[in-house]
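Structure, as structure tokens:
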Amino acid sequence: MTDTSHTGPVRVRYAPSPTGDPHVGNLRTALLNWVFARRTGGQFIVRIEDTDRERMLDGSLDRILGALEWLGLDWDEGPGKGGPFEPYVQSERKVLGKYAEAAQQLIENGHAYKCTCTPERLDQLRQRQRAEKKSTGYDSYCRNKSDEEREADRAQGLATVVRFKVPLEGEVVFNDVLRGPLTFDPSLLQDFVILKSDGYPTYHLAHIVDDHEMGITHVLRSEEWISSTPRHVMMYDGFGWEPPEFVHLSILLGPDRSKLSKRHGDTALLEFRDRGFLPETMFNFLSLLGWSAADDEEVMTREQIVAKFSLDGLNAAPSIFDITKLEWMNGVYLRQLPVETLSEMLLPELEAPDGLPESISRPIDRDYLTQLVPLVHERLKKIDREELSGMLAYFFQDSIELVPTEVVQKGMDEAATASALESAATALELAKSFEAEPLEVQFRALCVKLDLKPRQLFGALRVALTARKVAPPLFDTMVALGRDRSVARVRRAASLLLHGQPIS
RNA sequence: GCCCCGUUGGUGCAGCGGCCUAGCACGCCAGCCUUUCAAGCUGGAGAUCACGGGUUCGAAUCCCGUACGGGGUACCA
């Protein structure tokens, strides 16, 4: 059994590339690293791996850091924070010569060599290998060049990369904390590039140099890295460094069981924020993908997750990102929010141009909103402007548009409904105490008097008051609407049924 | 093609050789509550633990093979 019971302080890192929007799979990796660091009292480091200059995307870095902050994953060292191993951005570390020096060191101790093969040649090589159904990969053409040949290359000023010299025989073994010992045959690997012709290191070189220098103890990264880990292990050997512990996390899959990607719709973490999911939800939910607490609890605070975290709880099988459960969990967190907090959150959403209808003037009344929030609180799954607007607009509007047929309830006709509504309007006008409970008592009595079922009277009233078949509890709605508007709406509905149009 | 990882109800997980007539959560269905919808409560359906061989007194749990899924195979990370 693999030892997974690390409790001493660890140094772990999240090392994103600023090549796009940070997506949920990515952040889940970050989150697990963070939790592990917090659990052990260690450090969580953020390092930016911007060595692929071609794929860099403007704004990506900001969004990555923004996503970390939104989730509450604070870093102990990294961009904007500094630390003993500054800088934490690889392009800046490159300027310092760190990677070129490391590559040079490997050349000097015989573990790497310069290669001048052109991309065209490599392309042709690959095509030929494919045509012959052989496995593709570099043929080590430059590996055994003589000193004279190398000198000639240099004199010509050919574009040069540095390749790692993969041992021709033996085997590479490393221990994966989750999966146990993994064995690879190096002869199947090719002499891979560690320093590109533009002077930037590849991921392989850069992350090893940095992980080593920064004292990283555990590498928690996604499963897709398993196949390149033997390269990394060989490099640690080449440098004579001790490799860290490897923990290859399962990847996230879409509902179609392929690797979760943009094709599956919204996968960018910040889109979940924009769609009304709470950071608490995302944190909790993401932590549960591929990990579980020993006690089977699922709804947990950040602190509880940290307290319960153990590498033992990690699952090596890939998990599918299930939005239905996410929505359920968001509802749980939404319901836990104090009314005032939720109200503050809802305010800007409702005031947004695509929130409440334009006809409703802004700003909306804060206190009134706070009064309304309890009516919709437990019905929310996420903070969705359209949904919210539908649930709340009629509280802010002077008049609502009724569909007469919706007012008429089962077992009633238009005339009966209109007359019942008239009685109700009068009752509302005369009600001594305009509060939910007394109103309910009074209206139940009215049902008896009119020989109607509560379902019938209340249903008609609900539509009359809100223009919706589904709405919050009726008498709370009346109270929130106030006596005048309630009476007016009920009267108007009655009139509409009777005359086909309201008499104003 | 080759290499590697994985496989427990629709989904997320538990299970670490006997406590498993496989447990929990989401979802689904039904009932209760009830003025609608939610929420809540109660109950239910749903898994021959991918399949086939072994090992063992005993296997979802260990080993091998097959199938399926996924990942990798770049001067991308």
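So you know, we letter chains A, B, ... as the sequences are listed, proteins then strands, and number each from 1.
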field: Phosphate contact (rA77(B) OP1 or OP2) by Lys196(A) side-chain N/O below 4.0 Å
entry: yes
- request: Scan Pro472(A) against the nucleic acid and name what it touches under 4.0 Å (heavy atoms): base, sugar-phosphate only, or nothing.
  value: base
- prompt: Can you tell me how far C1' in rG46(B) sits from the matching atom in rG58(B), rounded to whole Å?
  reply: 29 Å
statement: Picking from rG12(B), rC24(B), rC75(B), the nucleotide nearest the side-chain atoms of Arg126(A) would be rC75(B)
message: Measuring from the side chain of Leu188(A) (C-beta onward, heavy atoms only), which nucleotide among rC3(B), rG12(B), rG71(B) has the closest atom?
response: rC3(B)
task: May I have the distance from Gln409(A) (atom CD) to rC37(B) (atom P), rounded to whole angstrom?
output: 12 Å
task: Could you pull out the closest heavy-atom pair between Met234(A) and Pro186(A), with the gap in Å?
output: SD-CB, 4.2 Å
query: Please give, in whole Å, the distance from rC26(B) C1' to Leu326(A) CG?
result: 11 Å
task: Give a yes/no answer on whether the side chain of Ser292(A) brings an N or O atom under 4.0 Å of OP1 or OP2 in rA14(B).
output: yes
- prompt: Side-chain donor or acceptor of Arg379(A) under 3.5 Å from a matching atom on the base of rC37(B)?
  reply: yes
message: For the P atoms, the ones on rU66(B) and on rC3(B), what distance do you get once it is rounded to whole angstrom?
response: 11 Å
- line: Smallest heavy-atom separation, Leu122(A) atom then Cys117(A) atom, equals CD2-CB, 4.2 Å
- prompt: Does CG belonging to Asp123(A) count more than 12 external heavy atoms closer than 6.0 Å?
  reply: yes
- prompt: Ring centroid separation for Phe36(A) and Trp291(A), is it under 6.0 angstrom?
  reply: no
message: In whole Å, I'd like the distance from the CE atom of Met56(A) to the P atom of rC75(B).
response: 20 Å
query: Under 4.0 Å: is that the gap between some side-chain N or O of Arg53(A) and OP1 or OP2 of rC75(B)?
result: no
message: Applying the Watson-Crick and G-U wobble criteria at under 3.5 Å, what pairs with rU21(B)? Answer none if nothing qualifies.
response: none
- request: Would you indicate what Glu49(A) reaches in the nucleic acid, counting non-hydrogen atoms under 4.0 angstrom: base, sugar-phosphate, or nothing?
  value: sugar-phosphate
message: When the P atoms of rA60(B) and rG9(B) are compared, how many Å lie between them, rounded to an integer?
response: 15 Å
- prompt: Which is true for Phe184(A) with a 4.0 Å heavy-atom rule: it touches a base, it touches only sugar-phosphate, or it touches nothing?
  reply: sugar-phosphate
- line: Whole-Å distance, Tyr200(A) OH to rA77(B) C1', equals 15 Å
task: Report which part of the nucleic acid Leu474(A) touches: base, sugar-phosphate, or nothing (heavy-atom distance under 4.0 Å, all strands).
output: base
- prompt: Is rG44(B) paired to anything, Watson-Crick or G-U wobble with both distances less than 3.5 Å, and if yes, which nucleotide?
  reply: rC28(B)
- request: Specify the separation, in whole Å, of atom CD of Glu298(A) and atom P of rC13(B).
  value: 10 Å
field: Length of the CD-P vector between Gln190(A) and rU73(B), whole Å
entry: 10 Å
field: Minimum-distance pair of heavy atoms, taken over all atoms of Asn175(A) and Gly180(A)
entry: OD1-C, 3.3 Å
query: Taking the C1' atom of each, how far is rU7(B) from rG15(B), in whole Å?
result: 15 Å
message: Which is more 5' along RNA chain B, the nucleotide nearest Val332(A) or the one nearest Thr183(A)? Just name the residue.
response: Thr183(A)
message: When the C1' atoms of rG69(B) and rU11(B) are compared, how many Å lie between them, rounded to an integer?
response: 16 Å
message: Pairing check on rU7(B): which nucleotide meets the Watson-Crick or G-U wobble criteria with it, both distances under 3.5 Å?
response: rA67(B)
- request: Check every strand shown and say whether Ser197(A) touches a base, only sugar-phosphate, or nothing at a heavy-atom separation below 4.0 Å.
  value: base
task: Could you tell me whether Phe277(A) and Tyr333(A) have their ring centroids closer than 6.0 angstrom?
output: no
- request: Quick one: label Arg455(A) by what it contacts on the DNA or RNA (base, sugar-phosphate, nothing), any heavy atom closer than 4.0 Å.
  value: sugar-phosphate
- prompt: What closest approach, in Å, do Lys145(A) and Asp153(A) show between heavy atoms, and which atom pair accounts for it?
  reply: NZ-OD2, 2.8 Å
message: For a quick check of understanding: with a heavy-atom distance under 4.0 Å over all strands, which category does Arg468(A) fall into, base, sugar-phosphate or nothing?
response: nothing
query: With a non-hydrogen cut-off below 4.0 angstrom, is Gly20(A) in contact with a base, only sugar-phosphate, or nothing?
result: nothing
task: Check every strand shown and say whether Pro318(A) touches a base, only sugar-phosphate, or nothing at a heavy-atom separation below 4.0 Å.
output: sugar-phosphate
query: Is the shortest side-chain N to carboxylate O distance from Glu213(A) to Lys98(A) below 4.0 Å?
result: yes
- request: For Ala471(A), report the nucleic acid contact type (base, sugar-phosphate, nothing); a contact means any heavy atom under 4.0 Å.
  value: base
message: Base, sugar-phosphate or nothing for Gly290(A)? Non-hydrogen atoms, less than 4.0 Å.
response: sugar-phosphate
- request: Assign Leu457(A) to base, sugar-phosphate, or nothing according to its heavy-atom contacts below 4.0 angstrom with the strands shown.
  value: nothing
- prompt: Are more than 12 heavy atoms from other residues, nucleotides or ligands located less than 6.0 Å from atom CD of Glu132(A)?
  reply: yes
- prompt: Using the P atom in both, what is the distance from rC16(B) to rA59(B), to the nearest Å?
  reply: 15 Å
query: How many Å lie between CD on Glu54(A) and P on rA74(B), as a whole number?
result: 17 Å
query: When we call it a touch if two heavy atoms are under 4.0 Å apart, what does Arg130(A) touch: a base, just sugar-phosphate, or nothing?
result: nothing
- prompt: Does Ser228(A) make a side-chain N or O approach to OP1 or OP2 of rA77(B) shorter than 4.0 Å?
  reply: no
- request: Looking at every strand, decide which applies to Val193(A) at a 4.0 Å heavy-atom threshold: base, sugar-phosphate, or nothing.
  value: sugar-phosphate
query: Got a donor-acceptor pair under 3.5 Å from the side chain of Glu223(A) to the base of rG70(B)?
result: no
message: Quick check on RNA chain B: between Leu380(A) and Asp185(A), whose nearest nucleotide comes earlier from the 5' end?
response: Asp185(A)
message: Looking at rA74(B), I'd like to know if its phosphate oxygens (OP1 or OP2) sit under 4.0 Å from a side-chain N or O belonging to Thr136(A).
response: yes
- prompt: Under 4.0 Å: is that the gap between some side-chain N or O of Asn315(A) and OP1 or OP2 of rG12(B)?
  reply: no
statement: Per atom distances to the Val470(A) side chain, the nearest of rC37(B), rA39(B), rC5(B) is rC37(B)
task: Please state the P separation for the pair rU8(B) and rC49(B) - nearest whole angstrom.
output: 12 Å
message: Taking 4.0 Å as the cut-off, does a side-chain nitrogen or oxygen of Thr51(A) come that near to OP1 or OP2 on rA77(B)?
response: yes
- request: Whole angstrom is fine here: how far is it from CZ in Arg55(A) over to P in rA77(B)?
  value: 7 Å
